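Notes follow once the structure below has been shown.
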Amino acid sequence: MSAYWDAYHETMSRDQLAEIQIKRLKALVERVYTSVPFYRQAFQEKGLTPGDIKTLDDLKHLPFTTKKDLRDTYPFGLFAVPRSEIVRMHASSGTTGKPIVVGYTKKDLDNWADLVARCLTMAGGTRDDVVQNAYGYGLFTGGLGIHYGAERLGATIVPISGGNTARQIMLMQDFGTTILACTPSYAMYLADEIHAAGIDLSNLRLKAGVFGAEPWSNNMRAQLEEKLGITAHDIYGLSEVLGPGVAMECPYKNGLHIFEDHFIPEIIDPETEQPLPYGQKGELVFTTLTKEGFPVIRYRTRDISALYPEKCACGRTHLRMERITGRTDDMLIIRGVNVFPSQIESVLLEFGETEPHYLLVVDRKAAMDDLEIQVELSARMFSDKIAGLEVLERRLRERILSVLGISAKIKLVEPKSLPRSEGKAKRVIDKREL
């Protein structure tokens, strides 16, 4: 058996759930048609009106929303309420210098806190717990999403954010942390540092980890559980749809439960864009049913997953999604940050002292993601003095940090030394074992 935060919605029958979904879907399409010019035009191009959506099966007729659409309507073009009703904005990185901006009303934040409270409850959380939140705070949704969910649960939240590992470990011991929330790679780094410091696990009160924002394997889960003496749970979310709290693993860890009273998930063939049956892998698509400030219809996440309808042993009836193992685009997730090769290219083109030929080498060292950017020098710069190359390397490193928000090693290589391709250029070598 499993504890529930909202037993009524988490365990309702599939028929009851379908009734809620179609009622909310009809209200959603009416609202965005009226309030969001982008969606009204997209509906009209398909010859649709809100009245054409009568059943859940009609969802497949609605237009998709893509990350490009979010960029093209930057910053507030997809907001469905007046700006005066938006009480918070978050943003995530995109393929250009402009971020993807999402807005939340007071009710959105209230629903979000409830959903994250559901997640923490699934990890065994109660009001007696101490949640150490090592997700980044700020425009990234992870930190504040977990923060307000823990407060809604009634737990004690430690808003330490990421980094400062020695302090993390000290407070973990002194505050009696019971639940750790962070990226899985940082959790592994913390685990290694705890062992390196000779700290006995019996001196820690940790019981669970809530890990997300990047893909991770069951092998990594097993290592984290052994090294930290916890049960490790995968949490899923993305800024465009909500943030953390879209789906979560229960104690049975047989897929992540998607909270279908708030989101309708689909799996589509990324090439044909046609819906795929349960159990078949494809691209994950979400429609938000309750978001007021920034609702999205059939948002293409680019994440690869599959859906399973069978009722879970925990008693929850919501669909389960398979853990994310890859993407249909070229986006990388490095230390919880979205990185696109095109972002690197735009930085290189700014400088003029390098060629637009580069290679991203991603590895996982000491449980932390490591990014090396190999860049071809121009013929002129290759013959320059070492001091000049060191200055260029430093400038590139600083600019990459500014654009991506993460540090990277810059390796300057001689002209024409990187491999060429007649087809799509191979820009990434990912050595991580996910």
Side-chain angles (χ1 to χ4, degrees), residues 1-25 27-28 56 88 104-131 133 141-142 144-157 178-179 181 207-212 231 233-238 241-265 286-295 307-321:
M1 292 297 293
S2 175
Y4 309 112
W5 172 253
D6 181 352
Y8 175 74
H9 286 102
E10 293 178 60
T11 63
M12 63 171 40
S13 71
R14 297 297 302 173
D15 287 342
Q16 288 175 306
L17 192 53
E19 287 180 19
I20 287 179
Q21 286 184 322
I22 189 55
K23 180 180 178 181
R24 290 178 173 176
L25 179 61
L28 169 70
L56 289 176
R88 191 196 299 170
Y104 301 78
T105 65
K106 188 176 184 303
K107 185 177 180 182
D108 289 335
L109 295 181
D110 195 50
N111 285 337
W112 190 8
D114 259 337
L115 289 173
V116 176
R118 284 190 197 181
C119 294
L120 294 173
T121 302
M122 291 167 81
T126 72
R127 65 189 310 275
D128 297 320
D129 281 295
V130 177
V131 179
N133 188 8
T141 54
L144 287 171
I146 296 295
H147 182 110
Y148 286 101
E151 287 190 346
R152 178 62 53 86
L153 178 66
T156 301
I157 183 78
T178 55
I179 297 177
K207 69 176 187 181
V210 177
F211 306 135
T231 175
H233 299 260
D234 196 0
I235 188 170
Y236 176 83
L238 60 167
V241 176
L242 179 74
V246 174
M248 177 72 179
E249 281 182 326
C250 71
Y252 291 89
K253 302 172 189 171
N254 189 25
L256 290 80
H257 294 273
I258 298 170
F259 300 126
E260 290 184 272
D261 49 327
H262 291 267
F263 313 99
I264 298 180
F286 281 107
T287 297
T288 62
L289 294 176
T290 56
K291 282 183 71 179
E292 293 181 335
F294 188 83
L307 298 177
Y308 300 95
E310 297 82 11
K311 183 177 178 179
C312 182
C314 74
R316 291 176 178 84
T317 52
H318 294 194
L319 291 177
R320 290 169 293 111
M321 59 177 271

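All of these numbers come straight from a predicted model, not from anything done at the bench. FYI, the numbering just counts along the sequence from 1.
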- [ ] State, to 0.1 Å, how close Y148 and A113 come at their nearest heavy-atom pair, and which atoms those are.
- [x] O-CB, 3.7 Å
- [ ] Tell me, with the steps shown, if Y104 and T141 meet side-chain contact (heavy atoms from CB on, under 4.5 Å).
- [x] CA-CA 11 Å; Y104 301 78; T141 54; 3.6 Å; yes
TODO: Using modelled atom types only, decide if a donor and an acceptor are shared between the side chain of E151 and the backbone of I157 within a distance under 3.5 Å.
DONE: no
Open item on the list: Is it the case that the side chain of E249 and the backbone of D234 share a donor-acceptor pair, with hydrogens and angles ignored and the cut-off at 3.5 Å?
Closed with: yes
Task: L242/F259 under side-chain contact (heavy atoms from CB on, under 4.5 Å): CA gap, chis, key distance, verdict - done: CA-CA 12 Å; L242 179 74; F259 300 126; over 6 Å; no
- [ ] Using modelled atom types only, decide if a donor and an acceptor are shared between the side chain of T317 and the backbone of R14 within a distance under 3.5 Å.
- [x] no
Open item on the list: Ignoring hydrogens, what is the shortest heavy-atom contact between E10 and W5? Give both atom names and the distance.
Closed with: OE2-N, 3.2 Å
Open item on the list: Suppose we screen for salt bridge (charged side-chain N to carboxylate O under 4.0 Å, His left out). Which residues come up paired with R118, at least two apart in sequence or across chains?
Closed with: D6, D261
TODO: Indicate yes or no for a side-chain donor-acceptor contact from W112 to the backbone of G149 under 3.5 Å, with no hydrogens or angles considered.
DONE: no
TODO: Report yes if the side chains of L307 and M321 come closer than 4.5 Å at any heavy-atom pair, otherwise no.
DONE: yes
Open item on the list: Is the shortest side-chain heavy-atom distance between C314 and H257 below 4.5 Å?
Closed with: yes
Task: Non-hydrogen atoms of E19 and I22 that approach each other most closely - done: O-CG2, 3.4 Å
Open item on the list: Checking K253 now: which residues fulfil side chain to side chain donor-acceptor pair (under 3.5 Å) with it, not counting sequence neighbours?
Closed with: E225, T231
Open item on the list: Heavy-atom count check: over 12 atoms from other residues, nucleotides or ligands less than 6.0 Å from K107 NZ?
Closed with: no
Open item on the list: Between Y4 and H9, is there a side-chain heavy-atom distance shorter than 4.5 Å?
Closed with: no
Task: Partner set under side chain to side chain donor-acceptor pair (under 3.5 Å) for D110, not counting sequence neighbours - done: R152
Open item on the list: Among V116, N133, V131, I179, exactly one meets side-chain contact (heavy atoms from CB on, under 4.5 Å) together with V210. Which residue is that?
Closed with: I179
Task: Flag side-chain contact, heavy atom, 4.5 Å: C312 against C250 - done: yes
Task: Shortest non-hydrogen contact from G237 toward V246 - done: CA-CG2, 3.8 Å
TODO: Using the side-chain contact (heavy atoms from CB on, under 4.5 Å) rule, take L153 and D129 through it: C-alpha gap first, then chi angles, then the decisive distance, then the call.
DONE: CA-CA 9 Å; L153 178 66; D129 281 295; 5.6 Å; no
Open item on the list: Between H318 and E260 (side chain of the first, backbone of the second, donor and acceptor by atom type, cut-off under 3.5 Å), is there such a pair?
Closed with: yes
Open item on the list: I'd like to know if the side chain of N111 and the backbone of D108 have a donor-acceptor N/O pair within less than 3.5 Å.
Closed with: no
Open item on the list: Determine whether R320 and E310 satisfy the following criterion, salt bridge (charged side-chain N to carboxylate O under 4.0 Å, His left out), listing intermediate values before the conclusion.
Closed with: CA-CA 8 Å; R320 290 169 293 111; E310 297 82 11; 3.3 Å; yes
